[in-house]
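Written below as structure tokens is the structure these notes are about.
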Amino acid sequence: MPQESGRRRDEVKAATRRANRDPKVRGFGRAGLIANGSIHVLIGAIAIGVAWGSKGQADQSGALRAVAATPGGGILLWAATLALFGLAVLQWTEAAQVESDKRRLVLMRRMTNIAKALGYAAIGVVVGFYAFGGRSDASETWQDLSRTLLGTPGGVVGLVAVGVLVGTVGGTLVFRGVTRNFREELKPVDGGVSWFVDALGVVGHVAKGLALVITGALFLAAAAFTDPGPARGLDGALKWVGTLPFGDALLVPMASGFIAYGAYLFARARFLRKGPMVVTSINER
């Protein structure tokens with residue numbers, strides 16, 4: 001039985017690695033990165049507009065509504081939905097690419113890849129909702145969820161958990177940006193292109209990470225003061241930055257960081273890594 005189980009595990013691993021190398025899977029993955037990058041560029045552009053006095057939702061829902069309002073927007077959303085699910089599949093197969101002498105590192109890195117795959121699939125579900133013609137306000141949705149949790153016995157704990165989870169994701173992005181661990185996602189790039197992609201990756205990861213840390217902190221504030229008002233998701237976090245002293249001067253660089261993150265995703269689509277990922281340190285997560 002142990003030998004049979006090990007053989008099946010090896011067969012699954014081999015099949016997953018073949019899928020990771022499949023040109024069709026990689027093509028869908030690249031398209032998904034471009035779609036995700038485009039969403040981040042739109043979020044950044046909307047946030048800059050907000051800083052300059054325009055109205056808009058500086059989050060995923062605002063970006064998707066902007067796409068839906070364009071001629072052919074529905075077709076673009078359907079294409080983005082399929083591409084994002086393709087990216088989720090590619091990211092899932094990355095789990096089989098991890099190699100290390102330390103079992104713990106392999107498990108941690110595989111869990112990270114699976115979590116990313118689920119995240120991309122979740123984005124695909126949201127984009128698909130808009131492709132079907134659905135429309136929603138993410139800020140109101142988060143506030144409604146917070147209000148429901150606060151009105152439920154023990155719901156404050158759930159709201160704290162949401163804040164901690166979002167903040168942790170944000171902190172991880174900042175860490176990846178500062179340490180440049182995102183390079184593991186790319187094949188080797190030389191010269192000025194390498195410097196440019198590194199700059200996009202650092203600025204983009206740090207800016208998005210800080211925005212998510214602020215978003216998580218606002219969820220925790222909602223739990224602490226039993227007031228759903230602050231819990232408005234990413235749009236609420238970016239607009240809160242705009243209310244600070246010199247807020248516009250802070251919001252524009254942060255919004256520009258979202259554009260940089262989108263451009264980094266375009267670069268990742270172009271220079272997508274292929275082959276085993278050898279992990280030797282926990283800092284390579």
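Positions are given from 1, in the same order as the sequence printed here.
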Go through the steps for Arg21 and Lys274 under the test side-chain contact (heavy atoms from CB on, under 4.5 Å), then give the verdict.
CA-CA 7 Å; Arg21 296 191 297 268; Lys274 185 177 182 179; 4.1 Å; yes
Heavy atoms, side chains only, cut-off 4.5 Å: are Phe28 and Val89 in contact?
no
For a quick test of reading the model, state the closest non-hydrogen atom pair linking Val202 to Gly177 and the distance between them.
CG2-O, 3.4 Å
According to a 4.5 Å side-chain heavy-atom criterion applied to Ile, Leu, Val, Met, Phe, Trp and Tyr, with indirect links allowed, do Ile43 and Val126 form part of one hydrophobic cluster?
yes
Apply the test side-chain contact (heavy atoms from CB on, under 4.5 Å) to residues Val50 and Leu238: give CA-CA distance (whole Å), side-chain angles for both, the deciding distance (0.1 Å), then the verdict.
CA-CA 9 Å; Val50 169; Leu238 291 174; over 6 Å; no
If you apply the rule side-chain contact (heavy atoms from CB on, under 4.5 Å), what do you find for Val156 with Leu149, and how did you get there?
CA-CA 6 Å; Val156 171; Leu149 288 173; over 6 Å; no
Which heavy atom in Ala211 sits nearest to a heavy atom in Ala237, and how many Å separate them?
O-CB, 3.8 Å
Can you check whether Trp78 and Phe132 have ring centres sitting under 6.0 Å from each other?
yes
Separation between CG of Asn20 and OG1 of Thr93, rounded to the nearest 0.5 Å:
3.5 Å
Single-linkage hydrophobic cluster Trp195~Val197, side-chain heavy atoms < 4.5 angstrom
yes
What about Leu173 and Phe175, same hydrophobic cluster or not, with Ile/Leu/Val/Met/Phe/Trp/Tyr joined at side-chain heavy-atom distances under 4.5 Å?
no
Are Leu186 and Val203 co-members of a hydrophobic cluster defined by side-chain heavy atoms under 4.5 Å apart?
no
Among Leu87, Leu64, Leu84, which residue satisfies the side chain to side chain contact (heavy atoms under 4.5 Å, CB included) criterion with Ile123?
Leu84
Looking at every non-hydrogen atom in both residues, tell me the closest pair between Leu218 and Pro230 and how far apart they are.
CB-O, 3.5 Å
Where is the tightest heavy-atom contact between Ser61 and Tyr130, given as atom of each residue plus distance?
CB-OH, 3.1 Å
Taking the side chain as every heavy atom from C-beta outward, state whether Glu140 and Gln57 have any pair of such atoms under 4.5 Å apart.
no
Scan for side-chain hydrogen bond (donor to acceptor under 3.5 Å, both in side chains) pairs involving residues 204-226, sequence neighbours excluded, and state none if there are none.
His40-Lys208
Step by step, work out the side-chain contact (heavy atoms from CB on, under 4.5 Å) result for Glu94 and Lys116.
CA-CA 10 Å; Glu94 283 289 303; Lys116 286 183 178 181; over 6 Å; no
Assigning hydrophobic clusters by single linkage (Ile, Leu, Val, Met, Phe, Trp, Tyr; side-chain heavy-atom cutoff under 4.5 Å), is Leu200 placed with Val193?
yes
Kindly compute the distance separating CG (Leu90) from CG (Asp22), expressed to the nearest 0.5 Å.
10.0 Å
In residues 249-267, what donor-acceptor pairs under 3.5 Å come from side-chain atoms, sequence neighbours left out?
from: Ser256; atom 1: OG; to: Val252; atom 2: O; distance (Å): 2.8
from: Tyr264; atom 1: OH; to: Phe182; atom 2: O; distance (Å): 3.3
from: Tyr264; atom 1: OH; to: Glu185; atom 2: OE1; distance (Å): 2.5

Minimum heavy-atom separation for Gly236 and Ser139, please, with both atom names.
N-OG, 4.4 Å
Gln143 CD to Asp227 CG distance, which is reported to the nearest 0.5 Å
8.5 Å
Minimum heavy-atom separation for Val213 to Gly170, with atom names?
CG2-C, 3.8 Å
So how far is it from Trp142 CH2 to Leu145 CG, rounded to the nearest 0.5 Å?
6.0 Å
Do Leu33 and Leu272 come within less than 4.5 Å of each other through their side chains, counting heavy atoms only?
yes
Please walk me through it: do Trp92 and Tyr120 pass ring-ring contact (aromatic ring centres under 6.0 Å, His included)?
CA-CA 10 Å; Trp92 189 284; Tyr120 290 136; over 10 Å; no
So OG1 of Thr81 and CG of Leu76: to nearest 0.5 Å the spacing works out to 10.5 Å
First locate atom OG1 of Thr243, then atom CG of Asp248, and finally report the distance between them rounded to the nearest 0.5 Å.
10.0 Å
